[in-house]
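Scroll down for the structure; my scribbles are underneath it.
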Amino acid sequence: MKSSRNLNILMVLMFIAVISVPLIFVNKTSGKVSTAENRVLASFPAFKSPTGDINLHFIKDFETWFNDNMGLRDRLVMTNTKLQYVVFGELTKKDTIIGENNWLYYVTPDIIKDFQHLNLPSNADLKAWGDSLEKINGYLINKKIPFLTMFNLDKKTIYPENYPKTIKKVGNVSRTNMLKQYIEGNTSLDFFTPEKALIAAKSKATVYSPRYDNAHWNKYGAFIGYLELMDRVKKYLPTVNVLSWNDFTIEKYYRETKVYNSVPFSEEDYDLKYNKVPTAIQTNNDIFDELNLGNSIVTYSYKNLNKNLPKALILGDSYFYGFLIPELAESFSELTFIHADNLDKIQNLVELVNPDVVIFENVERMWDHSMYILQNSKESLVDYSEYKNLPKVENPTGWIDYINNQPIKEQGKANLSEDSKITNIVGWALDKTNETVAGGIYLKVGEKYYSGNYGIARESVSSAYNNINLTNSGYSFNVPTEELKGRGI
């Protein structure tokens, strides 16, 4: 009886010890990075919201913090990951599935539906996408700037044979096929994919990462994509510098990654070493730091020693910035790369960069996201230089309120900041004759025209004129400061 009682006490003590360890060793360092998951752990929640009110989500936030920071969590995550893989052949990493031959694929519910052909676009979707891109194309045609759209493919599209056999396709028509057919048959866009070239190269080399990277092509596949792109560019700009396979030494090597720092995956890959001395130099183009860009850390600016090459503005994603920036930089006199999340600012970027070619690159899985951004753009995509000979309205009804967030004390006079590469001009304008907002406005600086963003809500204006139709009369322009020095607006 006594021994049974002692055993119960021992079990209770062991239970208390087990549940106390996570509390005793809980992480108290804010911003700590998990070595298992390679991500920043949740910080301890505040009792008050940013507005000073009580944080009504404190309990939920506290649960998230504790789940992220409990003691020995990394060890538990790694142990669980290893057990799940050894026993069930599965990974606990939610965005990764194991396919045939141990290939790893990046997944989300939408990506799986895409593979299964269960999320086909409607005719309205296709038309909206085509119309949005045609609007950019029309704007650039008027400026005599070629516009190319490069649609890159997910790993599942190039290597469907290694996708898990348990995930079945329904029918033979995919989203990508429908998109290509619509764009090619109903628009004037120069739209292409490197799909055929990549599939043709599979018999010679692996063109996507089997395991090290669950979502992208490798350097070999990326260079195939580069050649397909440059073949298109050269038709418009014959002087572009197109690199070739002969410019590189290709060496095979092995690389390894560990899922949650516990389950290793390795593969043979290719290293492409450039045989020449690079002529492109990365520059610190801080002009883009002031444009409030989405994913602003993913911007690149290069200048080439060869000034006779054309200039390029590229809006793209990780298929470019993770693999091809140096090669693209060698091809142009100036390369400006901006993340595709800024597609809604393309007119502003064109006016600032003044490129010879504009390239929009997007991967399958990000297409809907990019089109949503574009379709919600406030840009007019009108080349206002066409209207330069029209009569100007003297003393138009409008006001400049701020320059670089500083209030204007006297209209027509402003102090420009020497520290700012970009001058932001904010104000309002309206059509007083018709008692409504203007059909559009532009800013003329010297002989250059800037479109800006018109249609910003200004309730103070509608209140002052007692006219609700004047609410969206606000504007915002971004102009290079150098352009404004000593010039009239």
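What you see is a predicted model; the values in this text were computed from it and never measured.
In this structure, the separation between OH on Tyr212 and CD on Glu268 is 15.5 Å, given to the nearest 0.5 Å. Residue Gln347 holds its CD atom at 4.5 Å from OG of Ser380, rounded to the nearest 0.5 Å. Thr176 contributes atom OG1, which lies 6.0 Å from atom CG of Leu153 (distance to the nearest 0.5 angstrom). Taking OH from Tyr372 and CG from Leu374, the interatomic distance works out to 12.5 Å, rounded to the nearest 0.5 Å. To the nearest 0.5 Å, atom CD1 of residue Ile456 and atom OG1 of residue Thr471 are 13.5 Å apart. Ile145 CD1 to Asp356 CG: the interatomic distance, rounded to the nearest 0.5 Å, is 7.5 Å.
Counting non-hydrogen atoms of other residues, nucleotides and ligands closer than 6.0 Å to NZ of Lys113 gives a total of 12 or fewer. A 6.0 Å sphere centred on OH of Tyr254 holds no more than 12 heavy atoms belonging to other residues, nucleotides or ligands. Within 6.0 Å of CG in Asn376 there are more than 12 heavy atoms belonging to other residues, nucleotides or ligands. The environment of Glu459 atom CD is sparse: at most 12 non-hydrogen atoms of other residues, nucleotides or ligands sit within 6.0 angstrom.
Here the closest heavy-atom approach between residue Lys202 and residue Ile158 is recorded as NZ-O, 2.7 Å. The nearest pair of heavy atoms linking Leu324 to Ala222 is CD1-O, 3.4 Å. The two residues Ala329 and Ala280 make their nearest non-hydrogen contact at O-CB, 3.4 Å. Contact detail for Glu228 and Pro194: the closest heavy-atom pair is CG-CB, 4.0 Å. Across every non-hydrogen atom of Arg458 and Gly474, the tightest pair is CG-CA, 3.5 Å. Here the closest heavy-atom approach between residue Arg211 and residue Asn102 is recorded as CG-O, 3.1 Å.
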Taking it one step at a time, do Lys273 and Glu251 satisfy salt bridge (charged side-chain N to carboxylate O under 4.0 Å, His left out)? CA-CA 8 Å; Lys273 293 184 177 179; Glu251 297 178 352; 3.3 Å; yes

Tell me, with the steps shown, if Glu100 and Lys165 meet side-chain contact (heavy atoms from CB on, under 4.5 Å). CA-CA 8 Å; Glu100 301 296 310; Lys165 301 302 183 187; 3.2 Å; yes

Apply salt bridge (charged side-chain N to carboxylate O under 4.0 Å, His left out) to the pair Glu267 and Arg255, showing each step before the final yes or no. CA-CA 6 Å; Glu267 66 183 26; Arg255 56 182 181 174; 2.8 Å; yes

Run the side-chain contact (heavy atoms from CB on, under 4.5 Å) check on Phe337 and Leu328 step by step: do they pass? CA-CA 10 Å; Phe337 179 91; Leu328 291 166; 5.5 Å; no

Walk me through it: do Val358 and Leu148 pass the test side-chain contact (heavy atoms from CB on, under 4.5 Å)? CA-CA 6 Å; Val358 175; Leu148 290 83; over 6 Å; no

Take Leu126 and Met178, measure what side-chain contact (heavy atoms from CB on, under 4.5 Å) needs, and give me the verdict at the end. CA-CA 8 Å; Leu126 293 169; Met178 291 181 67; 4.2 Å; yes

Please step through side-chain hydrogen bond (donor to acceptor under 3.5 Å, both in side chains) for the pair Ser331 and Asn241, ending with a clear verdict. CA-CA 4 Å; Ser331 302; Asn241 179 34; 5.4 Å; no

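Residue pairs meeting the ring pair (Phe, Tyr, Trp, His ring centres under 6.0 Å) criterion with at least one partner in residues 261-284, sequence neighbours excluded, are Tyr85-Phe265, Tyr220-Tyr270, Phe248-Tyr274. The ring pair (Phe, Tyr, Trp, His ring centres under 6.0 Å) pairs that include a residue from residues 152-194 are Trp103-Tyr159, Tyr105-Tyr163, Phe115-Tyr163, Phe151-Phe191, where partners are two or more places apart or lie in different chains.
Contact of the Lys180 side chain with the Thr193 side chain is registered, since non-hydrogen atoms from C-beta on lie closer than 4.5 Å. Annotation: side chain of Asp247 is not in contact with side chain of Trp245 (no heavy-atom distance under 4.5 Å). Residues Asn304 and Phe332 fail the side-chain proximity criterion, which asks for heavy atoms closer than 4.5 Å. Side-chain contact between Leu229 and Phe320 is present, with at least one heavy-atom pair separated by less than 4.5 Å. At least one side-chain heavy atom of Tyr300 sits less than 4.5 Å from a side-chain heavy atom of Val298. By the 4.5 Å heavy-atom criterion applied to side chains, Arg232 and Met150 are not counted as neighbours. Residues Trp217 and Val207 have side chains not in contact (no heavy-atom distance under 4.5 Å, counting atoms from C-beta outward). No side-chain heavy atom of Asp344 sits under 4.5 Å from any side-chain heavy atom of Glu379.
With no hydrogens or angles considered, no side-chain donor-acceptor pair links Asn172 and His117 at under 3.5 Å. Between Asp154 and Thr157, the side chains place no donor N or O within less than 3.5 Å of an acceptor N or O (distance only, hydrogens not considered). Judged by distance alone, the side chains of Thr249 and Asn275 do bring a donor and an acceptor atom under 3.5 Å apart. Side-chain contact annotation: Thr96 with Asn214, donor-acceptor N/O pair under 3.5 Å present. Side chains of Ser301 and Thr336: a donor-acceptor N/O pair is absent below 3.5 angstrom, by distance only. Under the 3.5 Å distance criterion, with hydrogens and angles disregarded, no donor-acceptor pair is assigned to the side chains of Asn218 and Ser209. Side-chain contact check for Asn152 and Glu364: no donor-acceptor pair (N or O, by modelled atom type) lies under 3.5 Å. Between Tyr236 and Asp190, the side chains place a donor N or O and an acceptor N or O closer than 3.5 Å (distance only, hydrogens not considered).
Checking each of Arg365, Lys169, Lys156 against Asp114 for a salt bridge (Lys or Arg N to Asp or Glu O under 4.0 Å) leaves exactly one that passes, namely Lys156. The one candidate from Leu349, Val357, Leu352 that meets the side chain to side chain contact (heavy atoms under 4.5 Å, CB included) condition with Leu313 is Leu349. Results of the side chain to side chain contact (heavy atoms under 4.5 Å, CB included) test with Ile97 over Ile167, Thr166, Leu104 single out Ile167 as the only residue that passes.
Side chain of Tyr226 to main chain of Leu243: a donor-acceptor pair is present (N/O by atom type, distance under 3.5 Å, no hydrogens or angles). Asn354 places no side-chain N or O within donor-acceptor distance of the main-chain N or O of Glu351, the cut-off being under 3.5 Å. Judged by distance alone, with hydrogens and angles left aside, the side-chain atoms of Ser333 form a donor-acceptor pair with the main-chain N or O of Leu309 at under 3.5 Å.
Residues meeting the side chain to side chain donor-acceptor pair (under 3.5 Å) test with Ser244, sequence neighbours left out: none. Judged as a ring pair (Phe, Tyr, Trp, His ring centres under 6.0 Å), and not counting sequence neighbours, the contacts of His216 are Tyr319, Phe323. Partners of Lys127 under the side chain to side chain donor-acceptor pair (under 3.5 Å) rule, at least two apart in sequence or in another chain, are Asp131. Taking the ring pair (Phe, Tyr, Trp, His ring centres under 6.0 Å) definition, one finds that Phe477 meets it with Tyr475, sequence neighbours left out.
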